[in-house]
Novice: 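Structure incoming, see below.
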Amino acid sequence: QVQLVESGGGLVQAGGSLRLSCAASGGTFSSLSMGWFRQAPGKEREFVAAIYKNDGRTIYGEFMKGRFTMSGDGAKNTAYLQMSSLRPEDTAVYYCAGSRGSELLRRPHNYEYWGRGTQVTVSS
């Protein structure tokens, strides 16, 4: 069973940066497409970014506008989300997710594995 554990969240001032990590265990990292989602209180889970297992191509949510970068390190079984120019509206719990497939990675229900999330709080 694949397990995903996020880390790297915290409190940061507006304009600052954070790097989130997602460590995978119990499976072959290269067999998974990985994604990041976020959920703010009272809001639906929102797609942030994903990386395709087949070719390493990345896609991003519309609100990213070049501020976030996702990457993966197969040797460390870890995916990363580098976030910069953070805004108060980026405040949310950020979740890492893994999919055995490579279809419709913007949709949460296409992921079989989920971490417990890490809180990101951006102060104004």
Side-chain angles (χ1 to χ4, degrees):
Q1 181 72 11
V2 174
Q3 293 185 331
L4 304 175
V5 179
E6 305 94 336
S7 61
L11 174 64
V12 64
Q13 288 187 336
S17 299
L18 281 175
R19 188 177 79 158
L20 305 183
S21 299
C22 173
S25 62
T28 304
F29 184 77
S30 60
S31 69
L32 298 174
S33 296
M34 302 297 295
W36 286 98
F37 290 79
R38 70 184 187 183
Q39 189 165 19
K43 295 187 177 181
E44 293 186 353
R45 193 161 294 192
E46 180 179 31
F47 172 74
V48 176
I51 187 166
Y52 287 86
K53 65 177 181 178
N54 295 331
D55 56 11
R57 180 170 59 95
T58 52
I59 56 173
Y60 296 92
E62 292 300 320
F63 64 87
M64 297 298 104
K65 297 183 179 179
R67 298 186 297 125
F68 293 8
T69 301
M70 183 175 182
S71 61
D73 186 335
K76 296 183 178 179
N77 286 345
T78 301
Y80 302 97
L81 183 68
Q82 178 68 48
M83 306 186 294
S84 60
S85 301
L86 284 164
R87 306 165 181 169
E89 54 264 39
D90 293 319
T91 295
V93 177
Y94 283 71
Y95 296 91
C96 174
S99 172
R100 294 193 297 268
S102 297
E103 299 294 330
L104 301 175
L105 294 180
R106 295 178 183 271
R107 299 182 182 180
H109 68 263
N110 286 322
Y111 292 81
E112 294 85 7
Y113 310 107
W114 289 86
R116 293 186 175 184
T118 185
Q119 175 71 45
V120 171
T121 303
V122 184
S123 63
S124 57

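Start at 1 with the first residue, then count along the sequence.
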Novice: Quick one: are Tyr111 and Leu104 in side-chain contact, heavy atoms under 4.5 Å?
Specialist: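 A side-chain contact is absent here, since even the closest heavy-atom pair is not under 4.5 Å.
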
Novice: Do Leu11 and Val120 share a hydrophobic cluster (ILVMFWY, side-chain heavy atoms under 4.5 Å, transitive)?
Specialist: no

Novice: Working note: Leu81 + Arg19, criterion side-chain contact (heavy atoms from CB on, under 4.5 Å); need CA distance, chi angles, decisive distance, verdict.
Specialist: CA-CA 6 Å; Leu81 183 68; Arg19 188 177 79 158; over 6 Å; no

Novice: Which pair of non-hydrogen atoms, one from Phe47 and one from Gly61, has the smallest distance, and what is that distance?
Specialist: CE2-N, 3.5 Å

Novice: Taking atom SG of Cys22 and atom CD of Glu6, what is their separation to the nearest 0.5 Å?
Specialist: 5.5 Å

Novice: Do you reckon Met64 sits in the same ILVMFWY cluster as Tyr80, going by side-chain contacts under 4.5 Å, direct or chained?
Specialist: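 Per the 4.5 Å side-chain linkage, Met64 and Tyr80 are not co-clustered.
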
Novice: With sequence neighbours excluded, tell me which residues meet side chain to side chain donor-acceptor pair (under 3.5 Å) with Thr121.
Specialist: Gln119

Novice: Rounded to the nearest 0.5 Å, what separation is found between the CZ atom of Phe68 and the CG atom of Leu20?
Specialist: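 So the CZ of Phe68 and the CG of Leu20 are separated by 8.5 Å.
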
Novice: Verify, without hydrogens or angle tests, whether Ser99 (side chain) and Asn110 (backbone) share a donor-acceptor contact under 3.5 angstrom.
Specialist: yes

Novice: Check whether more than 12 heavy atoms from other residues, nucleotides or ligands sit under 6.0 Å from atom CD of Glu112, and answer yes or no.
Specialist: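 Counting other residues, nucleotides and ligands, CD of Glu112 exceeds 12 neighbours.
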
Novice: Considering only distance and modelled atom types, tabulate donor-acceptor pairs under 3.5 Å from the side chains of residues 35-42, sequence neighbours left out.
Specialist:
from, atom 1, to, atom 2, distance (Å)
Arg38, NE, Glu46, OE1, 2.9
Arg38, NH1, Asp90, OD1, 2.9
Arg38, NH1, Tyr94, OH, 2.9
Arg38, NH2, Glu46, OE1, 3.3
Gln39, OE1, Arg45, NE, 3.3
Gln39, OE1, Arg45, NH2, 3.3
Gln39, NE2, Lys43, O, 3.0

Novice: Work out which heavy atom in Pro88 is nearest to a heavy atom in Ser124; give both atom names and the distance.
Specialist: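 It is CG-CB, 3.8 Å.
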
Novice: Give, for atom SG of Cys96 and atom CZ of Arg116, the distance between the pair rounded to the nearest 0.5 Å.
Specialist: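 Reported value, rounded in 0.5 Å steps: 14.0 Å.
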
Novice: Do you know which two heavy atoms are closest between Ile59 and Leu105, and how far apart they sit?
Specialist: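 Reported closest heavy-atom pair: CD1-CB, 4.3 Å.
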
Novice: Phe63, Val12: one ILVMFWY side-chain cluster at the under-4.5 Å cut-off?
Specialist: yes

Novice: Can you name the closest pair of heavy atoms from Ala24 and Leu4 and give their distance?
Specialist: CB-CD2, 3.6 Å

Novice: Measuring from atom OG1 of Thr78 to atom CE of Met34, what distance do you get when rounded to the nearest 0.5 angstrom?
Specialist: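 Reported to 0.5 Å precision, the distance equals 9.0 Å.
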
Novice: Look up atom CD in Gln1 and atom OG in Ser25, then write down how far apart they are to the nearest 0.5 Å.
Specialist: 10.0 Å

Novice: Any side-chain to backbone donor/acceptor pair from Tyr60 onto Arg67? Under 3.5 Å, distance only.
Specialist: no

Novice: If I compare all heavy atoms of Ser85 with all of Ser17, which pair ends up nearest, and what's the gap?
Specialist: N-OG, 4.4 Å

Novice: Which value, rounded to the nearest 0.5 Å, describes the distance between Met83 atom CE and Thr69 atom OG1?
Specialist: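 Taking CE in Met83 and OG1 in Thr69, the distance rounds to 11.0 Å.
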
Novice: Has Lys53 got a side-chain atom pairing as donor or acceptor with Ser102's backbone, closer than 3.5 angstrom?
Specialist: no

